[in-house]
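Some notes on the structure that comes next.
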Number of protein chains: 2
Amino acid sequence: MTVSRALKNPAQVLPEARARVEAAVAELGYVPSHAARTLASSRSRVVGVLVPSLSNEVFVDTLAGIQDCLGPAGYQFLIGNTNYSADKQAELVSTYLTHAPDGFLVTGIDGSGAIRQRLSAARVPVVHMYDLSRTPDQWSVGFSQQRAGFTLTKYLLERGYRRPGFIAAQLDPRTMQRRAGFRRALREAGLDPDVEILTSEPSSVGLGSKLLARMLEHAPACDAVFCCNDDLALGALFECQRRGVLVPGQMAIAGFNDLPPSAWATPSLTTITTPRYQIGFEAARLLLQILDGHPPERNHIDLRFTLTPRESA
Amino acid sequence: MTVSRALKNPAQVLPEARARVEAAVAELGYVPSHAARTLASSRSRVVGVLVPSLSNEVFVDTLAGIQDCLGPAGYQFLIGNTNYSADKQAELVSTYLTHAPDGFLVTGIDGSGAIRQRLSAARVPVVHMYDLSRTPDQWSVGFSQQRAGFTLTKYLLERGYRRPGFIAAQLDPRTMQRRAGFRRALREAGLDPDVEILTSEPSSVGLGSKLLARMLEHAPACDAVFCCNDDLALGALFECQRRGVLVPGQMAIAGFNDLPPSAWATPSLTTITTPRYQIGFEAARLLLQILDGHPPERNHIDLRFTLTPRESA
DNA sequence: CTGAAAGCGCTTACAG
DNA sequence: CTGAAAGCGCTTACAG
């Protein structure tokens, strides 16, 4: 016990005893056992993190935020990539539950269904990231995807584009919320909201090129495209360059997320800047508060987005 | 004990007993305790993964390969981003050791020094990824960065470029090996190897633009740039477009890694295609073999690279 | 095929 | 401030 205390709470132990412990630790190369500690204390200091993708920087930034908040607090995390698949989610939740995590930080877990039940049966706090549309008994940190879509579309209309189209891939719930914002803006302006190319394929630069080509074919009058993320927008820009279509002269392009290349593309991409790092950091902070028994009063934290106008639209 | 057996090795238990166990599991929502199992069996089924960065897709792809190999085998991993920092490495190794991992999969851990000693004192097998230049007692999976740099430079020379420059960021050991290949090719051709812009800043598209500008200033005669990765190359391309410098007419651009955007850029980028997913998968497979007591004969696995000529050079 | 015993390395809670 | 006791939930190894 004295050893245990000397390691965790040195102040509780006489300097002499402490010194002997420290000497032994150094001599033996002692490494504490996480498993034993978890078993004895029933606190694992592990949190499970579930994200739908790592292939663009969106969730990598969020992970960095989580890391920076949870790391100094002595927490480890299990990072699971669900690849937007519900089966993979269920599988990861099951294996992670085995590790007795103190909490979960997730994106893309449905509010209902078997996974949700598993989670609440385990009595592990869950913070949802990127999605504010949660029931009051759930915790969430994010911004309004719908309003972001609306804001960007409004901007395009104000710039004088009369026939904007929407290009989207993956079609996860957040993308569909952006789309809802797009449609609402067009309807309010009395314009046709149905200029859209949607596919459930995973998003990528290459796909952006293909979808732009498809848009040109199906809606030749289209004068601006709102791509549901910057990868797609960059691909669309490349495709326009390939075809000699002037951007923004003949075709305006807007993206979403403000990934690093967007500021440097020629022309640079108009986009919505999202607080990706902050979402991770604040979600982690919220979880920490819950774990410490001091949950904040409001359980939905809106971190806002900003419109970033650049050259492409 | 019968319960334990029914769960792990159902065949060892009579169907009747098994059924009773299964019923109880379902009724109680039983979740096995990883901590207890680790403590009792002294096998954690956890492996520590250390990568220097997650901000481009290079290591994300590698992680996917690791996942696909280790996941089905029942292993979990702790993913640590060292951010190219030796201190962060040391810190992560220490905390991960606490979890008693069965093995480590790492990139960027020095062959010498304190970390290496910690690791070998812990008697945990370590597989090095992306770096073949290891002593015979170490395990590694990768390709020759030096030969890759040499091959790409040779290609530029064969295409008739007479004054190629080298643009690099981060300056980690792998980058410096590519540079060594570049210099060797130029020396063998009797050309000046010193046309280079190096910076230890982290690589990004924006930095590529800045470095290309710097190259134009310092070496106006430069007719081709070998960028040590595709992010930089893409930024360089954007900068050329911004300045009206024709690619490849006035300036050829080559990258490294063949990230997804490179095939779609206008013009598309000449690059070296690297087996990123395979490196993760094979490193994991190698580790599994070691853990199972069947290490392969050779401890360095060369997965090769390929030259991918496209429009930009 | 089943089960009783001991122990993995810690922490909790209590006694001194 | 220090320490003896008990237990966290499994597995190993041995007995029946």
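Every value quoted in this text rests on a predicted model; they were computed, and no experiment measured them.
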Pairs where residues 79-105 of chain A contributes a residue and the test salt bridge (charged side-chain N to carboxylate O under 4.0 Å, His left out) is met, not counting sequence neighbours: none
Salt bridge (charged side-chain N to carboxylate O under 4.0 Å, His left out) pairs, two or more places apart, involving residues 277-304 of chain A: A:Arg147-A:Asp302, A:Glu282-A:Arg285
Round to a whole Å and report the spacing from [atom1] of [X] to [atom2] of [N].
X       : N      : atom1 : atom2 : answer
B:Leu7  : D:dC10 : CG    : P     : 9 Å
A:Leu97 : D:dG9  : CG    : P     : 15 Å
B:Arg43 : C:dG9  : CZ    : C1'   : 20 Å
B:His99 : C:dC10 : NE2   : P     : 13 Å
B:Leu39 : C:dC8  : CG    : P     : 9 Å

OP1 or OP2 of C:dG3 under 4.0 Å from side-chain N/O of B:Thr2: yes
Qualifying residues under ring pair (Phe, Tyr, Trp, His ring centres under 6.0 Å), relative to B:Phe59, sequence neighbours excluded: B:Tyr130
Listed partners of B:His99 passing ring pair (Phe, Tyr, Trp, His ring centres under 6.0 Å), at least two apart: A:His34
List in chain and number order the residues that pass side chain to side chain donor-acceptor pair (under 3.5 Å) with [X], two or more places apart in sequence or in another chain; answer none if no residue qualifies.
X        : answer
A:Gln278 : none
A:Ser140 : A:His300
B:Arg43  : B:Tyr75
B:Tyr277 : B:Asp68

Provide a list of protein-nucleic acid N or O atom pairs under 3.5 angstrom, restricted to nucleotides 12-16 of chain D.
none

Any donor-acceptor pair under 3.5 Å from A:Asp172 side chain to A:Arg174 backbone: yes
Sorted by number, the residues of residues 26-37 of chain B with heavy-atom contact under 4.0 Å to DNA chain C: none
Those residues that, when tested against A:Arg5, pass salt bridge (Lys or Arg N to Asp or Glu O under 4.0 Å) (two or more places apart): none
Watson-Crick or G-U stems involving DNA chain C, each at least 3 pairs long, distances under 3.5 Å, ordered by first number: C:1-3 with D:14-16, C:5-12 with D:5-12, C:14-16 with D:1-3
